[in-house]
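Chain letters run A, B, ... following the sequence lines, proteins first and then strands; every chain starts at 1.
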Amino acid sequence: MASLIEPRTLKGFRDYPPDLQLPREEILDKARRVYRSYGYLPMDTPALEYAEILLGKGGEETDKQLYRFRDHGGRDVALRFDLTVPFARFAAEHIHRFGTPFKRYHIGPVWRGENPQRGRYREFVQCDFDTIGTTSNAADIEVVFVIYDLLRALGLERFHIHVNHRLVLNGLLEELGLADRAVSVLRALDKYGKVGRQGVEQELRTHVGLEATQAQRILDLAEIRGTPAEILERVQLTLGNNAKAAQGLACLRQLYDVTRAAGLPDGVVQFDLAIARGLDYYTGTVYETFLTDLPGIGSVCSGGRYDNLASLYTKQVLPGVGASLGVDRLLAAMQELNLVPASYATAPVLIVFFVPDKLAVYMELATRLRRAGMGAEVYPEAKKLRDQLSYANKRGHRVAIIGGEEELAQGVWQVKDLRGQIQQTVADAEISDAVRRILLG
RNA sequence: GUGAGAGUAGCUCAACCGGCUAGAGCACCAGACUGUGGAUCUGGGGGUUGGGGGUUCGAGUCCCCUCUCUCACCCCA
């Protein structure tokens, strides 16, 4: 006999057994529902693209992380590392068919060849939503509402949406004469939450080569804390004279005013001048969402505004704004917070297979329940009652229906509520109602 | 990709300084119980100690390589 092949998965790639895939699919379902409720339309693109489409779009780091190879036809191809770049290509090709503004959501796996950590994988699902073709701040503001609805729909209550505006940061850099070093300065600044003031200062001084006073002014701004109104006021005092910063502040002010007036609870939105986002293509509002109880896992929903999504592929100017929900990271977080249920029956009703030659009767009952909108499964073997109930209990079924010789002869069923100890005899004609009462109760 | 730590049954862990046939709890399967789940009792299957090589009379234990996980760098969902 040939030796067995060791069953295993690649580093950073994972299986999703039912207890993981079930909550995962639920996250996706809920996300879809929220996106659609805002009018976003679904779309998808291929996993594989010509390498030239993807190269150089997310900075040199993403190039290194690209899964890239030659296909059987000798084409230079690569797996997408995010959904934004393929969307840019898509928009350049198809936007004329939809017109602007165009709102879409896009759910699919992406691949990055980086070292995995908790909540970081080489294959993971992103869940993007974007509005392109408008520069209106209304679209930026809507993003906040979407993120809020999204996390609430997923059962999360303790989170904060950190918002900043690149123009405010650019204004500061302009004032300091550092506009040409924006990328490296912002990249250093973005680490504030992780390495603190000293860490950022160190990097600004040694790596970027800033003067002590320059680094200090940047950090002083980043460290402004308080309510959104307080932050706006303080930044206004220090940077209000700069045209760019003033424009960014105006956007943030409107975002704050509108979200409040439209009913978003106080405290959800926090202005955080240290949020810069590493990706080079952001130009306006930027967002990151942190779970209060699990800040270490990183942002679970991030995004921002970009001036010109598709400039590399078309001359048409396509500004856009959107964000991406990190489904697998969020799932890891929810697992850690014990927000994923342990039992996982997809159909709440188990019909016991009792009398071997009455399979048709059980199947017919199952069909009837399903048509009445209740998931039902028939146990596949006429095993001991004890075993079948034990199965139902383990899987988390809500109701077991038992029909032995006696019940079948009388045209009744035993309906067992598995959460309690209650069992009742129900006439065949009333079975749907009886089961529904338990499921709703 | 670089650096650090870890890996023993499906899971959580034990095994003295390198020394007998690598153990326990939970989980799983079967039975006690041929019409009633979660409990209890009894029994059972499971391991090349992640994989490979080396040192040694002898390796789960020491050394090297490799794989995977965790953490940090980097970057990010």
Side-chain angles (χ1 to χ4, degrees), chain A residues 3-14 17 19 27 31 58-66 81-84 107-128 147 150 187-188 190-191 193-195 199 203 207 275-280 282 287-291 296-304 323-333 342-343 350 352-355 379 382-408 414-423:
Chain A
S3 63
L4 293 172
I5 296 162
E6 190 195 351
R8 57 190 183 142
T9 54
L10 284 162
K11 177 189 189 134
F13 290 74
R14 325 183 285 161
D19 56 342
I27 290 174
E60 49 188 282
E61 199 57 39
T62 51
D63 284 1
K64 277 192 270 172
Q65 296 177 355
L66 216 53
F81 62 89
D82 75 359
L83 299 177
T84 306
I107 298 172
V110 302
W111 295 268
R112 292 180 194 174
E114 63 180 337
N115 255 356
Q117 277 178 39
R118 182 180 57 158
R120 284 175 74 159
Y121 311 100
R122 289 187 167 177
E123 176 183 62
F124 60 97
V125 166
Q126 281 196 328
C127 208
D128 279 30
I147 295 175
L150 207 47
R187 193 158 286 169
D190 201 51
K191 290 175 197 161
K194 214 162 192 182
V195 300
E203 180 161 343
H207 275 78
I275 298 285
R277 313 273 303 128
L279 293 177
D280 302 349
Y282 290 118
Y287 317 84
E288 289 201 342
T289 311
F290 295 100
L291 304 180
I297 206 159
S299 171
V300 294
C301 191
S302 316
S324 179
L325 178 72
V327 175
D328 290 297
R329 176 172 291 182
L330 189 65
L331 182 60
S343 67
L350 180 85
V352 171
F353 187 2
F354 206 107
V355 186
Y379 195 86
K383 276 176 89 171
K384 277 188 300 197
L385 180 55
R386 176 186 195 83
D387 293 332
Q388 300 193 41
L389 288 176
S390 165
Y391 167 87
N393 185 54
K394 211 178 335 172
R395 288 297 150 90
H397 286 85
R398 187 65 216 286
V399 174
I401 299 180
I402 306 162
E405 307 275 11
E406 290 171 31
E407 287 85 358
L408 293 180
Q414 298 290 335
V415 177
K416 196 174 176 71
D417 182 343
L418 289 165
R419 214 175 278 176
Q421 303 276 7
I422 317 135
Q423 180 169 319

For [N] versus [M], give the span between their [atom1] atoms, rounded off to a whole number of Å.
| N | M | atom1 | answer |
| --- | --- | --- | --- |
| B:rA22 | B:rG31 | P | 30 Å |
| B:rG60 | B:rU49 | P | 7 Å |
| B:rG44 | B:rG23 | P | 14 Å |
| B:rC41 | B:rC33 | C1' | 12 Å |

Kindly confirm whether the side-chain ring of A:Phe354 is stacked on the base of B:rG35, judged by centres under 5.5 Å and planes under 30°.
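Per 5.5 Å and 30° rule: no stacking.
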For A:Arg118, answer base if it contacts any base atom (sugar-phosphate contacts may also be present), sugar-phosphate if it contacts only those atoms, and nothing otherwise; contact means non-hydrogen atoms under 4.0 Å.
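It contacts sugar-phosphate atoms only.
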Whether the side chain of [X] and the base of [N] hold a donor-acceptor pair under 3.5 Å is what I'd like checked.
| X | N | answer |
| --- | --- | --- |
| A:Glu407 | B:rG35 | yes |
| A:Glu288 | B:rA77 | no |
| A:Arg329 | B:rC76 | yes |
| A:Arg120 | B:rC76 | no |

If we call it a pair only when both distances are under 3.5 Å in a Watson-Crick or G-U wobble match, what pairs with [N]?
| N | answer |
| --- | --- |
| B:rG35 | none |
| B:rG19 | B:rC57 |
| B:rA30 | B:rU42 |
| B:rG25 | B:rC11 |
| B:rU68 | B:rA6 |
| B:rC76 | none |

So, A:Arg122 and A:Glu114, do they make that salt bridge, N to O below 4.0 Å?
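No, this pair does not count.
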NZ/NE/NH1/NH2 to OD/OE distance under 4.0 Å, A:Arg120 and A:Asp328:
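Looking at A:Asp328 together with A:Arg120, the answer is no, because their closest N to O distance does not fall below 4.0 Å.
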Taking the six-membered ring for Trp, is the centroid-to-centroid distance between A:Tyr121 and A:Phe13 below 6.0 Å?
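No.
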So, OP1 or OP2 of [N]: does either fall under 4.0 Å of a side-chain N or O from [X]?
| X | N | answer |
| --- | --- | --- |
| A:Lys191 | B:rC75 | yes |
| A:Gln65 | B:rC76 | no |
| A:Lys384 | B:rG37 | no |

